[in-house]
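Just so it is clear, the structure is predicted and the values come from calculations on it, not from any experiment. Each residue takes its place number in the sequence, starting with 1.
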Amino acid sequence: MELNTIRDSFDRVTKKQKLSTSKSLEVIDQIGHEIEQALANIHSIQGSTSPADQKSILMELKTKLNAIGPHNQLEESQKELNTNLSKYQKTLDKYFNPDISKAYRNVDYDPHILNHIIVSHFYRVGFFDVADCLITEAAEPEAVSIKSQFLELHKILKAMRARDLEPALYWTSTNRECLNRIGSNLELKFHRLQYVEILQSGTQADALNYARNHLSPFASLHMDEIRKLVGCLLWVGKLDKCPYSELFSENHWEKLAEELTRQFCSFLGQSYESPLSVAVAAGVEGLPTLLKLTNVMAVKKQEWLAMKQLPVPVDLGKEFQFHSIFVCPVSREQGNEENPPMLLPCGHVLCKQSIMKLSKSSTRTFKCPYCPHEASVAQCRQLYV
């Protein structure tokens with residue numbers, strides 16, 4: 001809702017800006033037309049009339065310019081634009097807090113791990129010089145261990161951007177066993193892309209020879225796809241009419257580069273998304289809630305930085321949920337390491353603190369709050385989410 005309000009305000013400003021620009025150009029064109037007309041009149045009578053006639057032309061020009069009133073017209077349109085700009089600024093100030101430091105919490109963290117995460121991010125995106133500089137300044141020489149792997153990845157991606165698939169084909173053939181183990185057909189997709197390139201720029205004989213040497217080994221598992229690829233041989237020279245035109249889409253290059261990056265990172269034991277990028281994105285998503293919380297706590301004169309748990313939920317969406325979250329149905333508190341979820345013999349789950357309160361001691365049995373079964377603390381098993 002807030003973004004819609006800001007977008008509407010922005011649209012109004014841009015609309016007024018376009019109208020103001022259009023009005024200014026219209027006034028300038030009017031003035032230019034009158035001046036050109038006056039100059040034409042002066043040139044037409046020059047040498048045949050007295051200076052008084054030229055003066056009368058200039059006086060007529062002055063009268064026309066006063067009638068146009070360029071200053072008033074430009075001032076009016078600019079005033080409307082400034083009014084909308086002022087309202088837009090107030091809207092931004094209302095919904096965006098420029099001082100995000102209020103949401104800062106002094107959290108203990110391991111600088112060694114943080115340095116490795118940042119270095120890994122720079123290597124992942126191809127900023128090798130920046131990562132090397134950070135390693136030197138932070139004295140983290142062991143972080144350079146993953147550099148060579150990401151160098152290989154970016155070498156392959158750079159070659160793909162130049163329509164060179166040789167490095168990619170070499171990597172897939174080298175890692176063929178690992179790819180087959182996870183059921184990946186990445187090698188076939190690269191050979192398919194190379195085959196399509198030959199169809200588009202080579203001869204029918206070259207494409208047929210490539211299919212025999214590199215596509216036939218995949219025929220036993222991917223016969224339908226191989227048939228389509230071989231069928232394209234009949235359309236060499238008129239591929240735009242080929243019934244399998246989807247094979248020639250440029251999107252295959254981008255999608256294959258993304259799939260390669262995903263599986264390459266998986267082989268390195270790295271997530272596809274950079275942990276640093278995910279952390280920043282999650283922080284941006286949760287920042288508005290945290291800023292509102294700080295304002296509310298300030299009004300109530302309470303210190304939220306000392307709290308172990310936030311008093312309000314911060315909904316980051318499913319894309320930021322990497323593990324299960326358990327909320328005790330009795331205490332309504334979220335499970336954590338000190339208060340983990342416990343499985344009762346009857347199958348219901350409560351937090352440890354709730355179980356201890358129900359049992360009143362570790363030796364007494366207690367009744368499950370959701371069914372008639374009884375249990376003891378010793379019979380409950382901790383769950384890991």
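Side chain to side chain, T203 and D206 meet the donor-acceptor criterion of an N or O pair below 3.5 Å. Between the side chains of Q353 and S331, no donor-acceptor pair is found at a separation under 3.5 Å. Between Q78 and N82, the side chains place a donor N or O and an acceptor N or O closer than 3.5 Å (distance only, hydrogens not considered).
Look at E258 and R262 and you find a salt bridge, because one of the NZ, NE, NH1 or NH2 atoms lies within 4.0 Å of a carboxylate O, short of that distance. A salt bridge between E374 and K367 is absent, with no side-chain N of the basic residue lying under 4.0 Å from a carboxylate O of the acidic one. For the pair K255 and E259, the salt-bridge criterion is not met [side-chain N within less than 4.0 Å of a carboxylate O].
Considering only heavy atoms from C-beta on, F264 stays 4.5 Å or farther from N175 through its side chain.
A distance of 14.0 Å separates OG in S274 from OH in Y123, rounded to the nearest 0.5 Å. Considering CD1 of I355 and SG of C380, their distance stands at 4.0 Å, rounded to 0.5 Å.
When the shell of 6.0 Å around NE2 of H112 is examined, it contains more than 12 heavy atoms from other residues, nucleotides or ligands. Annotation: Q379, atom CD; neighbour count of heavy atoms from other residues, nucleotides and ligands within 6.0 Å is above 12. For Q382, the CD atom sits in a packed shell: over 12 heavy atoms of surrounding residues, nucleotides or ligands are nearer than 6.0 Å.
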Ignoring hydrogens and angles, write down the donor-acceptor pairs under 3.5 Å from the side chains of residues 157-166, residues two or more places apart or on other chains.
residue	atom	partner	partner atom	Å
R163	NH2	E250	OE1	2.3
R163	NH2	E250	OE2	3.0
D164	OD1	E166	N	3.1

- Task: For W171 and F190, run ring pair (Phe, Tyr, Trp, His ring centres under 6.0 Å): C-alpha distance rounded to whole Å, both residues' side-chain angles, the deciding distance at 0.1 Å, then the answer.
- Result: CA-CA 10 Å; W171 183 84; F190 276 116; 8.2 Å; no

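Using a 30° and 60° split on the angle between ring planes, H191 and F218 fall in the tilted class, from 30° to 60°.
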